[in-house]
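Everything numeric in this text was worked out from a predicted model, so none of it was measured.
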Amino acid sequence: MEAFAPTPQVTGFPAEGRCGYYVEKKKRFCRMVVAAGKRFCGEHAGVAETDAEEENARKRILCPLDPKHTVYEDQLAKHLKKCNSREKPKPDFFIQDINAGLKDETEIPEQLVPVSFLSEEQLENLIKKLRKASAGLNSTLKDQIMSHPVLHDALNDPRNGDSATKHLKQQASILGNIEKLKLLGPRRCFVEFGAGRGKLSHWVDIALKDAEKVHFLLVEKVTTRFKVDGKHRKKNAVFERLQIDIQHLCLNKIPLLIEEKLPVVGIGKHLCGVATDLALRCLVETYAASCEERSEEPLAKRIKNDKTETEINTLAKEGNEKNVPEKWTPVAGIVIALCCHHRCDWRHYVGKEYFRALGLGAVEFHYFQRMSSWATCGMRRTSSEASNVTTKRKDNQNNESEVHGDNGYRMADDSADSLPGFLTVGERKKIGHLCKLLIDHGRMQYLQQKGFSPALQYYTDPLVSLENVLLTAVPNRSSSPETVA
């Protein structure tokens, strides 16, 4: 909010029906609409010197809930009851820290220095531990770059810019992988974590056409503009948006899941760092574990409770049965595009047992997750290389930036720290990829222990996104993809 100042002598006049207060900082009149017979809007009426009577009668103060806006002092009590910044009642599916994982204070390290503050010897010891721990891992993942016909027209739209095309290519590949895992079928609830505008669910909905009993839960903790929720058809699919942090989301309390008891498919496009661990725990531990006592009878038997034999035969003729799992399972599958390992957190990480078995702990995890950013910011020069091109620094500023996610080039995240000069660009990128791989294999072991067959694969070209790894998982008793060792 701009600072209030007396109206100076200015030329020109405010637009008709608009506030007559001159905003010095913006060099123009306020554009807020005024009430009939008033000269100033509510924000400026209490401070404009030209309306002394109203100023003396009513005083505006900063809202105690959000100082970005003001309120009449004599209406404060009424305003606090309806202010958008007030604490709202928690929904039934909000359970504090239910997906956070156990907090072991003895394992959480004290304030650790940035990677750039480590000595060369300390950094070399960390890299040795990393290489030893990842020695048995296959660092070359399988290419699983796919597409889906429902996005054909959108991908070939000449109005698309580079950013839109990159988003669409990733959405098409994720959708193709969902279909390959036989998860794209009727009688399912798709839970999109980190939904944002909800575009991934939007394309899944279109691909499902007239599939029966399909539901979507779009999980996003912040208010999102330009959502595509209104474009979804309403006949066969139900969409519900949950504004909540995944850390506190209890799927068992969602009325839709309680009533329908549909298998859940967890999906996400670039689910950032710790959010991936929270989502995995939300699905396979918090939700699936509590559903163990539910009926394990074949899905076909449950369908008969709602449909006649004729309708079931019709479904079979249409070929829908190939996409229906033989038995009901709380979580039918998981398809998540991974992102931003440097924003992981030891407390929430699901692969702690995997790290401990390798002789690693919270300290090593902290530095490995920080060093993982080297995989996507390896274009930056070493200090010795940079000293030789000081005069060209401004011209090459864009080349010093990081390709991140879907958004093209941007300056590298602060988490990257200053990179050590004794490592080459290629070495840094390899170390960063090893850090990501090790963290992801901890997640895979967690899923295996929970009864899933997980896999990691490249789902898009690195020129589309450097964060191009897809984590998939299906229950062991269902058909599963090849597991990466």
Side-chain angles (χ1 to χ4, degrees), residues 99 141-142 144-146 148 167 169-184 188-196 198-204 216-221 242 245-247 249 251 263-288 330-345 348-351 369 372 405-406 436-437 439-448 450 452-460 464-475 480-481 483-484:
N99 302 314
L141 305 183
K142 180 181 178 181
Q144 199 68 39
I145 301 175
M146 306 187 73
H148 197 281
H167 278 288
K169 285 181 178 179
Q170 293 172 79
Q171 290 155 355
S173 184
I174 293 173
L175 192 56
N177 277 278
I178 293 174
E179 185 173 55
K180 182 177 183 293
L181 293 171
K182 299 182 180 179
L183 298 174
L184 200 62
R188 284 173 173 78
C189 178
F190 292 86
V191 182
E192 183 179 357
F193 294 95
K199 273 297 189 72
L200 184 55
S201 291
H202 172 71
W203 290 115
V204 172
F216 292 88
L217 296 177
L218 280 63
V219 182
E220 179 57 66
K221 70 177 181 178
L242 310 178
D245 192 316
I246 305 170
Q247 183 169 332
L249 173 61
L251 292 176
V264 166
V265 179
I267 60 176
K269 175 175 171 286
H270 282 172
L271 197 56
C272 194
V274 67
T276 295
D277 297 301
L278 297 174
L280 293 179
R281 190 175 283 111
C282 175
L283 287 168
V284 305
E285 192 169 334
T286 306
Y287 180 64
V331 179
I334 300 169
V335 181
I336 294 175
L338 305 174
C339 180
C340 297
H341 294 70
H342 63 269
R343 301 192 68 176
C344 291
D345 185 276
H348 305 308
Y349 180 52
V350 296
Q369 56 103 350
S372 70
D406 311 326
K436 284 176 173 285
L437 188 66
I439 291 172
D440 289 339
H441 271 266
R443 291 165 170 167
M444 290 180 66
Q445 188 196 61
Y446 170 81
L447 289 168
Q448 288 173 340
K450 298 299 180 181
F452 287 80
S453 294
L456 293 171
Q457 54 262 316
Y458 295 123
Y459 78 100
T460 193
V464 174
S465 173
L466 288 180
E467 297 284 13
N468 63 337
V469 175
L470 189 72
L471 172 65
T472 63
V474 291
S480 58
T483 303
V484 180

I need the minimum non-hydrogen distance between [X] and [Y], along with the two atoms involved.
| X | Y | result |
| --- | --- | --- |
| Val264 | Tyr287 | CG2-CE2, 3.7 Å |
| Ile246 | Cys282 | CG2-CB, 4.4 Å |
| Ile174 | Ala337 | CD1-CB, 4.1 Å |
| Glu220 | Gly194 | OE1-C, 3.5 Å |
| His148 | Gly176 | CB-N, 4.5 Å |
| Cys344 | Ile439 | SG-CG2, 4.4 Å |

Working to the nearest 0.5 Å, report the span between [atom1] of [X] and [atom2] of [Y].
| X | Y | atom1 | atom2 | answer |
| --- | --- | --- | --- | --- |
| Leu470 | His270 | CG | NE2 | 9.5 Å |
| Lys450 | Arg281 | NZ | CZ | 9.0 Å |
| Thr286 | Leu249 | OG1 | CG | 8.5 Å |
| Thr460 | His167 | OG1 | NE2 | 11.5 Å |
| Thr276 | Leu278 | OG1 | CG | 8.5 Å |
| Arg343 | Cys272 | CZ | SG | 4.5 Å |

Taking ring-ring contact (aromatic ring centres under 6.0 Å, His included) as the definition, give me every residue that meets it alongside [X], ordered by chain and number, with sequence neighbours left out.
| X | answer |
| --- | --- |
| Phe452 | none |
| His202 | His232 |
| Phe193 | none |

Practice task
Could you pull out all residues at least two apart from Ser173 that satisfy side-chain contact (heavy atoms from CB on, under 4.5 Å)?
Solution key: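 Partners of Ser173 under the side-chain contact (heavy atoms from CB on, under 4.5 Å) test: Met146, Asn177, Tyr459.
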Exercise for the section: Report the residues that fulfil side-chain contact (heavy atoms from CB on, under 4.5 Å) with Ile145, sequence neighbours left out, ordered by chain and then residue number. Expected result: none
Practice task
Find out whether Val284 and Tyr446 are in side-chain contact, i.e. whether some heavy atom of one side chain is under 4.5 Å from a heavy atom of the other.
Solution key: yes
Problem - His441 vs Leu456 side-chain heavy atoms within contact, under 4.5 Å - result: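 Result yes, sub-4.5 Å side-chain heavy-atom pair found.
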Kindly write out the residues that satisfy side chain to side chain donor-acceptor pair (under 3.5 Å) with [X], not counting sequence neighbours, or none if the list is empty.
| X | value |
| --- | --- |
| Arg443 | Asp277, Asp440 |
| Ser201 | Glu192 |
| Gln171 | Trp203 |
| Gln247 | Asp97 |

Exercise for the section: For Thr472 and Val335, indicate whether the former's side chain and the latter's backbone hold a donor-acceptor pair under 3.5 Å. Expected result: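 Side chain of Thr472 to backbone of Val335: no pair is present.
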Exercise for the section: Determine, stepwise, if the pair Ile267 / Leu183 fulfils side-chain contact (heavy atoms from CB on, under 4.5 Å). Expected result: CA-CA 11 Å; Ile267 60 176; Leu183 298 174; over 6 Å; no
Exercise for the section: Show your reasoning for whether side-chain contact (heavy atoms from CB on, under 4.5 Å) applies to Met444 and Leu471. Expected result: CA-CA 8 Å; Met444 290 180 66; Leu471 172 65; 4.1 Å; yes
Practice task
Go through the steps for Val265 and Val204 under the test side-chain contact (heavy atoms from CB on, under 4.5 Å), then give the verdict.
Solution key: CA-CA 11 Å; Val265 179; Val204 172; over 6 Å; no
Exercise for the section: Give the C-alpha distance, both sets of side-chain angles, the deciding distance and a yes or no for side-chain contact (heavy atoms from CB on, under 4.5 Å) between Lys436 and Glu467. Expected result: CA-CA 10 Å; Lys436 284 176 173 285; Glu467 297 284 13; 3.0 Å; yes
